[in-house]
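Let me begin by presenting the structure, written as structure tokens, before commenting on it.
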Amino acid sequence: MHVVVNAATSADGKLSSRRREQVAISGEADFDRVDRLRADSDAVVVGVGTVLADDPHLTVKDDALREQRRDAGEPANPARVVVDSTGRTPLDAAVLDDAATTYVCLTESAPVEQRLDLADRAELVTAGDERVDLLRAFAALQNQGLEQLMVEGGGELIFSLFDAGLVDELSVFVGPTIIGGRDAPTLADGDGFVADFPELELADIERLDNGVLLRWHVADEAET
Ligand SMILES: NC(=O)c1ccc[n+]([C@@H]2O[C@H](COP(=O)([O-])OP(=O)(O)OC[C@H]3O[C@@H](n4cnc5c(N)ncnc54)[C@H](O)[C@@H]3O)[C@@H](O)[C@H]2O)c1
Ligand SMILES: Nc1nc(=O)c(N)c(NC[C@H](O)[C@H](O)[C@H](O)COP(=O)(O)O)[nH]1
């Protein structure tokens, strides 16, 4: 399995404002790049915080890219994965429509009612007691044939994935704006590290739109 985390941050490292509402940080060229990255992935992964904040669809937007996937014998869109401990994904969320297969990763503590409702619209993966056990959940996704995973946030999930040693690559578009705010989500939130900080190796730098795309490899990670 290969896991790429992709995100856009303001120049001061924020993913969105303190209202947790989506901010368009990327310009057209970066959104096109994200679309290509989706098209090259077996699944696009987000945390339920992102579903609740942005209601993303997580599909490939370019008709030609969807056609290429079909020509290669793949579904037009990659699968979608929501990491959602207690089943808070709204039943009318865009990720639960029929544009692609969707997996919702839950824990043992997810109420039966939510479980039954979500099971009508998604494949359920149960791993962990209180929070989703990401190692187990990702192993289950790999068993379903999902090898190339792209994670689109948010900050809580991205931190947990680094903490679990699951990230192979990080792509960050740093855009031309300041969002600020101590309570605004950043690239990696959660509890934060105090030691054993994950080390990154810079793989590539590119000027894009009015910002910069940074690609990092995560050092010393065993292949998952
Ligand atoms: N700029 C970008 O590229 C970008 C991308 C995605 C999201 N965002 C923004 O990020 C914000 C949402 O991020 P967030 O951090 O609130 O939510 P998130 O998407 O990271 O989801 C976190 C939630 O996932 C669930 N979860 C279950 N198991 C977990 C685990 N092991 N580790 C972590 N979470 C687990 C928990 O309910 C947790 O609250 C929104 O404001 C959204 O607009 C920005
Ligand atoms: N790459 C990127 N640049 C941004 O400036 C930004 N705000 C996001 N945010 C990610 C978020 O989850 C979005 O909601 C989905 O990118 C929307 O996906 P859809 O178009 O609905 O498929 N992502």
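First listed ligand is number 1; within each ligand, the first listed atom is number 1.
Results of the side chain to side chain contact (heavy atoms under 4.5 Å, CB included) test with Val95 over Leu58, Thr50, Asp55, Val44 single out Leu58 as the only residue that passes.
One N or O on the side chain of Asp35 and one on the backbone of Lys61 form a donor-acceptor pair closer than 3.5 Å.
Inclusion of Val132 in the set of residues having an N or O under 3.5 Å from an N or O of ligand 1 is warranted. Among the atoms of Glu156, some N or O lies under 3.5 angstrom from an N or O of ligand 1. Considering backbone and side-chain N/O of Arg88, one or more are found under 3.5 Å from N/O of ligand 1. The shortest N or O to N or O distance between Leu157 and ligand 1 is under 3.5 Å. Close N/O approach between Ile158 and ligand 1 is not found [any backbone or side-chain N/O within under 3.5 Å]. In terms of N/O distances under 3.5 Å, ligand 2 is not approached by Val46. Every N/O-N/O distance between Asp84 and ligand 1 stays at or above 3.5 Å. The shortest N or O to N or O distance between Glu152 and ligand 1 is not under 3.5 Å. Of the polar atoms of Val23, at least one N or O is found under 3.5 Å from an N or O of ligand 2, judged by distance alone. Distances between N or O atoms of Asn6 and those of ligand 1 include no value under 3.5 Å. By the 3.5 Å distance cut-off applied to N or O atoms, His57 is counted among the residues near ligand 2.
Of the protein's non-hydrogen atoms, the one nearest atom 33 (C) of ligand 1 is Ser160 OG, 3.1 Å. Scanning the protein heavy atoms around atom 24 (O) of ligand 1, the nearest turns out to be Val83 O, 3.5 Å. Of the protein's non-hydrogen atoms, Ala53 CB, 3.6 Å is the one closest to atom 40 (C) of ligand 1. Nearest protein neighbour of atom 13 (O) of ligand 1, counting heavy atoms only, is Gly154 CA, 3.5 Å. The single protein non-hydrogen atom nearest to atom 35 (C) of ligand 1 is Arg131 NH2, 3.8 Å, given as residue, atom name and distance. Here the heavy atom of the protein found nearest to atom 21 (O) of ligand 1 is Gly49 N, 3.1 Å. Looking only at heavy atoms of the protein, atom 27 (C) of ligand 1 is closest to Ser85 OG, 2.9 Å. For atom 1 (N) of ligand 1, the closest non-hydrogen atom of the protein is Ala8 O, 2.8 Å.
Ligand 2 lies out of reach of Gly153, whose nearest heavy atom is not under 4.0 Å from it. Heavy atoms of Phe31 come nearer than 4.0 angstrom to ligand 2 in at least one pair. The closest approach between Leu58 and ligand 2 falls below 4.0 Å for a heavy atom of the residue.
With a 4.0 Å cut-off on non-hydrogen atoms, Leu134 touches ligand 1 through its side chain and not its backbone. Of the heavy atoms in Ser16, only side-chain atoms (C-beta onward) come closer than 4.0 Å to ligand 1. Under 4.0 angstrom from ligand 1, the non-hydrogen atoms of Val48 come from both its backbone and its side chain.
Ion pairing of Arg121 with Asp92 is absent here, as no side-chain N (NZ or NE/NH1/NH2) approaches a carboxylate O to less than 4.0 Å. Taking 4.0 Å as the cut-off between side-chain N and carboxylate O, Glu206 and Arg215 do not count as a salt-bridged pair.
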Legend entry - ring-ring contact (aromatic ring centres under 6.0 Å, His included) assessment of Phe159 paired with Phe193: CA-CA 9 Å; Phe159 173 77; Phe193 297 106; 4.7 Å; yes

Legend entry - Working for salt bridge (charged side-chain N to carboxylate O under 4.0 Å, His left out), residues Arg80 and Asp97: CA-CA 10 Å; Arg80 301 172 290 195; Asp97 76 1; 2.9 Å; yes

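Within a 6.0 Å sphere centred on CG of Asp71, other residues, nucleotides and ligands contribute more than 12 heavy atoms. Counting non-hydrogen atoms of neighbouring residues, nucleotides and ligands closer than 6.0 angstrom, the CG atom of Asp120 exceeds 12 such neighbours. For CD of Glu74, the number of neighbouring non-hydrogen atoms (other residues, nucleotides, ligands) closer than 6.0 Å is greater than 12. Annotation: Asp191, atom CG; neighbour count of heavy atoms from other residues, nucleotides and ligands within 6.0 Å does not exceed 12.
Which parts of ligand 1 touch Gly47 is read off a 4.0 Å heavy-atom cut-off, strictly below it: atoms 18 (P), 19 (O), 21 (O). Near Arg20, meaning under 4.0 Å from any of its heavy atoms, are these atoms of ligand 1: 16 (O), 40 (C), 41 (O). Every atom of ligand 1 is numbered from 1 in the order shown, and the set under 4.0 Å from a heavy atom of Gly155 is 13 (O), 15 (O), 20 (O). Listed by atom number, the atoms of ligand 2 under 4.0 Å from Thr59 heavy atoms are 22 (O). Counting the atoms of ligand 1 from 1 in the order shown, those under 4.0 Å from a heavy atom of Asp54 are 42 (C), 43 (O). Close contacts of ligand 1 with Ala7, meaning ligand atoms under 4.0 Å from a residue heavy atom, involve 3 (O).
Between Phe173 and Asp209, some side-chain heavy-atom pair lies under the 4.5 Å cut-off.
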